[in-house]
Amino acid sequence: MGRMTASSGRRVLLAAPRGYCAGVDRAVIAVEKALEQYGAPIYVRHEIVHNKYVVQTLEKKGAIFVERTEEVPEGNIVMFSAHGVAPVVHDEAKRGNLATIDATCPLVTKVHKEAVRFANDDFDILLIGHEGHEEVIGTSGEAPDHITLVDGPSDVAKVEVRDPSRVVWLSQTTLSVDETMETVDALKEKFPQLISPPSDDICYATQNRQLAVKQMGEEADLVIVVGSRNSSNSIRLVEVAKLSGADAAYLVDFADEIEEAWLEGVTTVGVTSGASVPEILVEQVLEWLSVRGYADVELVKAAEESITFSLPKELRRDLREEAAALVAERTGADRTTPSGQ
């Protein structure tokens with residue numbers, strides 16, 4: 001039997017936006033720049049972003065990923081991942097005589113600042129998020145005495161507060177939009193005076209990727225989400241796909257994890273990727289599908305994204321100083337020897 005073509009009615013719906021968000025892009029570039037600037041090794045506390053391929057690629061370039069600050073030898077550089085860390089981690093770095101580069105996503109930093117502000121005003125803070133996730137640990141650490149974790153609607157019944165008139169909810173940035181609002185509605189029923197954060201904590205990228213999958217799920221028989229098992233936003237995309245009408249949805253790190261059996265009786269395949277996934281991994285999935293007769297690709301566009309974040313301030317400062325030194329060196333002598341040679 002010859003290879004089937006797009007005329008067989010088989011097609012791929014490709015989500016847009018998908019893949020890297022601004023916070024992930026910034027964090028990955030920060031590791032690469034730090035390695036260029038200071039040389040290997042650069043220690044990174046936790047995975048810089050939750051993606052197996054990205055972590056392996058950076059390890060090959062000289063990044064060393066550690067679980068605890070204490071694992072970093074004294075006098076080295078440690079970078080904090082995009083998920084953010086609690087204040088106690090900054091203290092650990094100081095005690096270990098470590099230079100720090102903070103690659104926390106600015107949208108996570110925003111939630112940290114909200115937590116500090118509401119704690120200072122003596123509010124009880126109900127943090128909607130997944131227990132044990134790095135982002136939740138970091139945010140909770142900003143005000144541990146004021147924060148109670150609420151892990152989904154089923155957690156609401158057991159939540160207790162000191163004063164129902166001084167309660168606010170915040171959330172992890174990578175949750176399911178619909179489930180979070182379900183949790184908020186249940187909390188408001190229990191605490192009618194519950195205050196909402198000044199702006200939605202679920203980040204723009206999480207919302208946009210879920211929106212694209214919702215549109216896709218209505219037509220797709222099967223949805224393939226490229227992403228790692230520990231990526232909260234990628235797992236949510238699988239859930240959203242199923243809830244939106246897809247018969248099946250699977251999470252894969254790489255194209256070779258897709259099973260031929262998933263394609264049985266499938267005409268339309270939806271493809272998307274989590275916010276920490278490089279586009280090359282999506283291209284490999286599209287190629288895998290194309291070889292099996294799914295060569296017709298249609299874009300499902302849910303939003304335009306143009307947000308970018310500047311590099312962590314520690315890198316910007318050092319890169320400026322390096323540039324200034326180079327200019328001084330070049331203008332100060334006709335013949336110079338490049339540094340590091």
Side-chain angles (χ1 to χ4, degrees), residues 13-24 49-50 82-84 105-112 114-115 125-131 133-136 139 149-156 159 168-191 194-220 223-228 230-246 249 251 270-277 300-307:
L13 299 179
L14 182 61
R18 64 183 175 279
Y20 272 16
C21 60
V24 163
V49 296
H50 285 155
H83 314 101
C105 172
L107 299 178
V108 173
T109 300
K110 164 186 161 290
V111 182
H112 281 224
E114 287 169 355
I125 300 163
L126 306 180
L127 177 62
I128 302 170
H130 297 301
E131 190 166 4
H133 189 277
E134 273 113 320
E135 186 188 325
V136 164
T139 302
L149 183 64
V150 184
D151 198 339
S154 59
D155 246 10
V156 172
V159 175
V168 63
W169 70 270
L170 301 176
S171 85
Q172 185 180 331
T173 60
T174 53
L175 301 179
S176 153
V177 177
D178 292 340
E179 188 184 338
T180 301
M181 292 328 291
E182 200 184 314
T183 307
V184 170
D185 289 344
L187 285 169
K188 280 184 175 167
E189 208 167 291
K190 188 167 182 178
F191 308 111
L194 181 73
I195 293 172
S196 298
S199 62
D200 198 339
D201 287 341
I202 296 177
C203 87
Y204 78 94
T206 298
Q207 297 192 43
N208 290 344
R209 279 149 193 69
Q210 288 177 17
L211 198 57
V213 166
K214 273 185 182 177
Q215 292 176 14
M216 225 164 52
E218 292 166 9
E219 296 184 61
V223 172
I224 293 169
V225 178
V226 186
S228 291
N230 61 343
S231 164
S232 175
N233 79 88
S234 300
I235 293 165
R236 302 291 85 75
L237 291 175
V238 173
E239 294 170 358
V240 169
K242 288 176 181 170
L243 289 168
S244 304
L251 185 65
V271 174
T272 189
S273 56
S276 47
V277 176
V300 176
K301 195 158 198 172
E304 290 283 352
E305 287 182 354
S306 56
I307 292 174

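Being a predicted model, the structure only gives us computed values, none of them experimental.
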Taking all non-hydrogen atoms of both residues, which atom of Ala16 and which atom of Ala212 are closest, and how far apart? O-CB, 3.8 Å

Ignoring hydrogens, what is the shortest heavy-atom contact between Ser273 and Gly19? Give both atom names and the distance. OG-N, 2.9 Å

Verify side-chain contact (heavy atoms from CB on, under 4.5 Å) between Lys188 and Ser196, making sure each step is shown before the conclusion. CA-CA 10 Å; Lys188 280 184 175 167; Ser196 298; 3.8 Å; yes

Under 3.5 Å donor-acceptor, Gln210 side chain and Val177 backbone: yes

Nearest 0.5 angstrom please: Ile307 CD1 to Leu107 CG, how far? 7.0 Å

For a side-chain contact (heavy atoms from CB on, under 4.5 Å) check, start with the C-alpha distance between Thr183 and Trp169, then their side-chain angles and the critical distance, and finish with the verdict. CA-CA 10 Å; Thr183 307; Trp169 70 270; over 6 Å; no

Find the distance between CE (Met216) and CG (Leu14) and round it off to the nearest 0.5 Å. 8.0 Å

I'd like to know if the side chain of Asn233 and the backbone of Thr206 have a donor-acceptor N/O pair within less than 3.5 Å. no

Side-chain heavy-atom pair Glu179, Pro153 within 4.5 angstrom cut-off: yes

Ala241 and Ala249 have their tightest heavy-atom pair at CB-CB, 3.8 Å

Evaluate the ring planes of His50 and His133, with Trp represented by its six-membered ring, and classify them as parallel (under 30°), tilted (30 to 60°) or perpendicular (over 60°). perpendicular

For the pair Lys110 and Glu114, find out whether any cationic side-chain nitrogen is under 4.0 Å from an anionic carboxylate oxygen. yes

May I ask you to test the Arg209-Leu237 pair for a side-chain heavy-atom distance under 4.5 Å? yes

Under the side-chain contact (heavy atoms from CB on, under 4.5 Å) criterion, do Val49 and Tyr20 qualify, and how do the steps go? CA-CA 10 Å; Val49 296; Tyr20 272 16; 5.8 Å; no

In the structure I gave you, are the side-chain heavy atoms of Val240 and Lys214 within less than 4.5 Å of one another anywhere? yes

Looking only at heavy atoms, what is the nearest atom pair of Ser176 and Arg236, with distance? N-CD, 3.3 Å

Donor + acceptor pair across side chains of Thr173, Glu135 (<3.5 Å): yes

Could you tell me whether the side chain of Asp200 reaches within less than 4.5 Å of the side chain of Gln207, counting heavy atoms only? yes

Heavy atoms of Val150 and Leu126 approach each other most closely as CG2-CB, 4.0 Å

Given the rule in the side-chain contact (heavy atoms from CB on, under 4.5 Å) test, do Ile128 and Leu187 qualify, once you have shown the distances and angles that lead to the verdict? CA-CA 10 Å; Ile128 302 170; Leu187 285 169; 4.1 Å; yes

Are any non-hydrogen side-chain atoms of His130 and Asp151 less than 4.5 angstrom apart? yes

Looking only at heavy atoms, what is the nearest atom pair of Ser171 and Ile202, with distance? OG-CG1, 3.6 Å

Within the structure provided, determine whether Glu182 and Asp185 are in side-chain contact (heavy-atom separation under 4.5 Å). no

